[in-house]
Amino acid sequence: MTPAARRPRISIVQAGLHVGETVEIPGWLYNLRRSGKIAFPILRDGTGILQCVAVKSQLPESLFESVKGLTQESSIIVTGRIRQEPRAPGGYELDLENLEIFQRVPEAEPYPITPKEHGIDFLLDHRHLWLRSRRQHAVLKIRHEISRAIRDYLDSHGFTLLDTPVFTPAACEGTTTLFEVNYFDHEKVYLTQSGQLYNEATAMAFGKVYTFGPTFRAERSKTRRHLTEFWMVEPEMAYATLEDVKQVAEELIVFVVGRVLENRRAELAVLERDVSKLENIKAPFPRMSYDQAVELLHQKGSEIQWGADFGGTDETLLGEDFNLPVMVDRFPTAIKAFYMQPDPERPEVALGVDVLAPEGYGEIVGGGQRIHELDLLLRRIDEHGLPREAFDWYIDLRRFGTVPHGGFGMGLERCIAWICGLEHVRETIPFPRMLYRTRP
RNA sequence: UCCUCAGUAGCUCAAUGGUAGAGCAUUCGGCUGUUAACCGAAGGGUUGUAGGUUCGAGUCCUACCUGAGGAGCCA
């Protein structure tokens with residue numbers, strides 16, 4: 001085809017804007033249905049899916065034959081006229097006039113993911129190809145929407161994005177769940193499990209800050225809620241109390257759900273998500289103390305003891321009566337990290353809050369108010385058996401203009417799994433990293 | 001780390017201890033409106049690995065390997 005004859009190149013999502021025009025669309029063959037004299041190649045281009053029609057009597061013999069011989073996921077550029085067509089999925093159809101085959105997938109080694117069912121092991125082994133399927137495409141479009149909504153909310157509420165390091169010399173919280181990096185000679189270095197301690201430093205410099213990036217937990221967990229590498233957004237605010245933290249977490253969640261409902265209805269439909277459950281997500285969320293939560297759990301038959309953390313089934317039980325995320329605060333100080341501010345009126349509980357997602361998706365947010373008094377922080381570090389010298393700079397923050405402050409971490413993949421209504425977080429990230437799976 | 005379950009054709013799965021099977025995918029043929037298209041035919045197997053019991057093992061036993069779900073722990 002000479003450059004002069006070249007048609008305007010569009011993407012499938014724009015098809016409705018070009019009805020009656022002859023256009024060129026680059027993409028991949030999603031599927032092909034054919035009979036003797038008519039063929040329906042279905043084109044996929046990353047923005048949508050479009051059915052094309054090739055009629056034998058209206059095309060050169062060789063062109064019709066090459067359409068009939070197309071194989072799944074061959075890369076092709078189609079040219080033709082766009083038409084409204086109620087029989088076609090999506091409502092538009094392209095009358096094929098020309099076909100350029102960039103690469104024809106050979107039938108000796110056909111595309112492995114067929115339109116029929118596959119097991120999870122096979123799909124995860126072929127994750128690099130699985131990403132092309134409709135469901136995965138929908139999930140990852142929603143992931144993008146959620147990430148963007150999180151940034152938009154924080155950016156428009158005075159937060160500054162300040163990235164925190166992935167290599168860290170000390171544990172932020174626990175000490176047993178760190179990935180060690182064997183490279184640095186002068187000291188032991190690990191992959192971050194939270195950017196929070198650094199956020200406290202940047203919050204004292206910028207007021208309201210956040211970090212949004214990957215975190216790593218070497219927990220030998222093997223459940224539908226766990227990844228070894230996952231993304232977390234962590235806002236932190238100077239001059240903030242537990243109540244401020246709870247309010248921001250609530251507003252952020254409401255905003256994110258609203259954005260997905262506004263912009264990703266089609267993707268939710270592909271996932272067959274019950275959107276009425278999402279439309280219900282409005283402030284205020286139910287709030288309860290840890291004490292009240294334990295009492296409620298006892299009523300529901302749980303055998304949880306005061307002082308213990310919630311198990312997976314406890315989290316589900318707590319959420320089941322409300323169709324909203326539930327905020328639980330004032331956990332026992334003993335089970336929380338050393339930096340959590342004890343309640344001044346009741347030091348055995350800490351000013352921390354967890355947000356539990358509805359429908360059994362578990363904890364999506366954890367946070368609270370941090371200790372701002374130097375003496376108290378030093379005492380807590382000692383009580384946890386931690387070396388003061390590892391936290392020298394962190395302790396410094398309490399020496400130079402310390403203020404009450406707090407923040408939280410929100411797990412991106414758990415949010416996506418909840419909003420999409422997925423069984424497992426492994427589908428919420430392009431290339432999941434799990435206990436027994438690091439490829440592709 | 002512990003508990004439970006699974007491994008048979010490229011994929012999803014059948015097969016009472018007695019000749020290894022189907023659907024999809026692939027190839028060939030048919031079909032002018034298909035919607036995971038349909039109809040007919042063909043090719044395709046070291047039943048995860050190694051031992052054992054048995055006249056005979058995909059099936060029973062032991063160990064190992066690989067994976068899945070869950071517990072603990074966590075977002």
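Letters A, B, ... are given to chains in the order of the sequence lines, protein chains preceding strands, and every chain is numbered from 1.
A donor-acceptor contact under 3.5 Å links the side chain of A:Arg414 to the base of B:rC74. Taking only distance into account, the side chain of A:Ser221 meets the base of B:rC73 through a donor-acceptor pair shorter than 3.5 Å. Taking only distance into account, the side chain of A:His226 meets the base of B:rC74 through a donor-acceptor pair shorter than 3.5 Å. For A:Glu93 against B:rG33, a side-chain N or O and a base N or O form a donor-acceptor pair under 3.5 Å.
Side-chain proximity of A:Arg225 to the nucleotides B:rU34, B:rC74, B:rA75 is greatest for B:rC74. When distances are taken from the side chain of A:Ile38 to each of B:rA36, B:rC11, B:rG33, the shortest belongs to B:rG33. Closest approach to the A:Ser57 side chain among B:rG33, B:rA68, B:rU32 is made by B:rU32 (side chain taken as heavy atoms from C-beta onward). Nearest nucleotide to the side chain of A:Arg34, out of B:rG33, B:rG69, B:rC31: B:rC31. With B:rU12, B:rA68, B:rC74 as the choices, the nucleotide that has an atom nearest any side-chain atom of A:Asp309 turns out to be B:rC74. Of all nucleotides listed (B:rA68, B:rA25, B:rA36), B:rA68 comes nearest to the side chain of A:Arg437. The side chain of A:Asp121 lies closest to B:rG67, out of B:rG67, B:rG72, B:rU32. Of the listed nucleotides (B:rC74, B:rG70, B:rU26), B:rU26 has the atom at the smallest distance from the side chain of A:Pro110. Among B:rA75, B:rG69, B:rC11, the nucleotide with an atom closest to any side-chain atom of A:Arg217 is B:rA75. When distances are taken from the side chain of A:Ser35 to each of B:rU12, B:rC74, B:rU32, the shortest belongs to B:rU32.
Within the nucleic acid shown, A:Leu227 comes within 4.0 Å of at least one base atom, counting heavy atoms only. Within the nucleic acid shown, A:Pro112 has no heavy atom closer than 4.0 Å to any nucleic acid atom. Nucleic acid contact class of A:Glu413 (heavy atoms, under 4.0 Å, all strands): none.
Rounded to whole angstrom, the span from the CZ atom of A:Arg220 across to the C1' atom of B:rG67 amounts to 15 Å. In this structure, A:Glu107 places its CD atom 9 Å from P of B:rU26, rounding to the nearest Å. In this structure, A:Phe40 places its CZ atom 8 Å from C1' of B:rU32, rounding to the nearest Å.
B:rA68 and B:rC61 have their P atoms separated by 25 Å, given to the nearest Å. Rounded to whole Å, the P atom of B:rG48 lies 14 Å from the corresponding atom of B:rA14. B:rG70 and B:rA25 are spaced 34 Å apart, taking the C1' atom of each and rounding to whole Å.
Remark: A:Lys37 is not in phosphate contact with B:rC31, judged by side-chain N or O atoms under 4.0 Å from OP1 or OP2. At B:rG69, one or more side-chain N or O atoms of A:His424 fall inside 4.0 Å of OP1 or OP2 (strictly under the cut-off). OP1 or OP2 of B:rG69 sits under 4.0 Å from a side-chain N or O of A:Arg426.
Positionally, the nearest nucleotide of RNA chain B for A:Asn31 lies more toward the 5' end than for the other of A:Asn31 and A:Gly311. Between A:Ile42 and A:Glu423, the one whose closest nucleotide on RNA chain B sits nearer the 5' end is A:Ile42.
With a cut-off of 3.5 Å on both pairing distances, the Watson-Crick or G-U wobble partner of B:rA71 is B:rU1.
Stacking of A:Phe230 onto the six-membered ring of B:rA75 is present: less than 5.5 angstrom between centres, less than 30° between planes.
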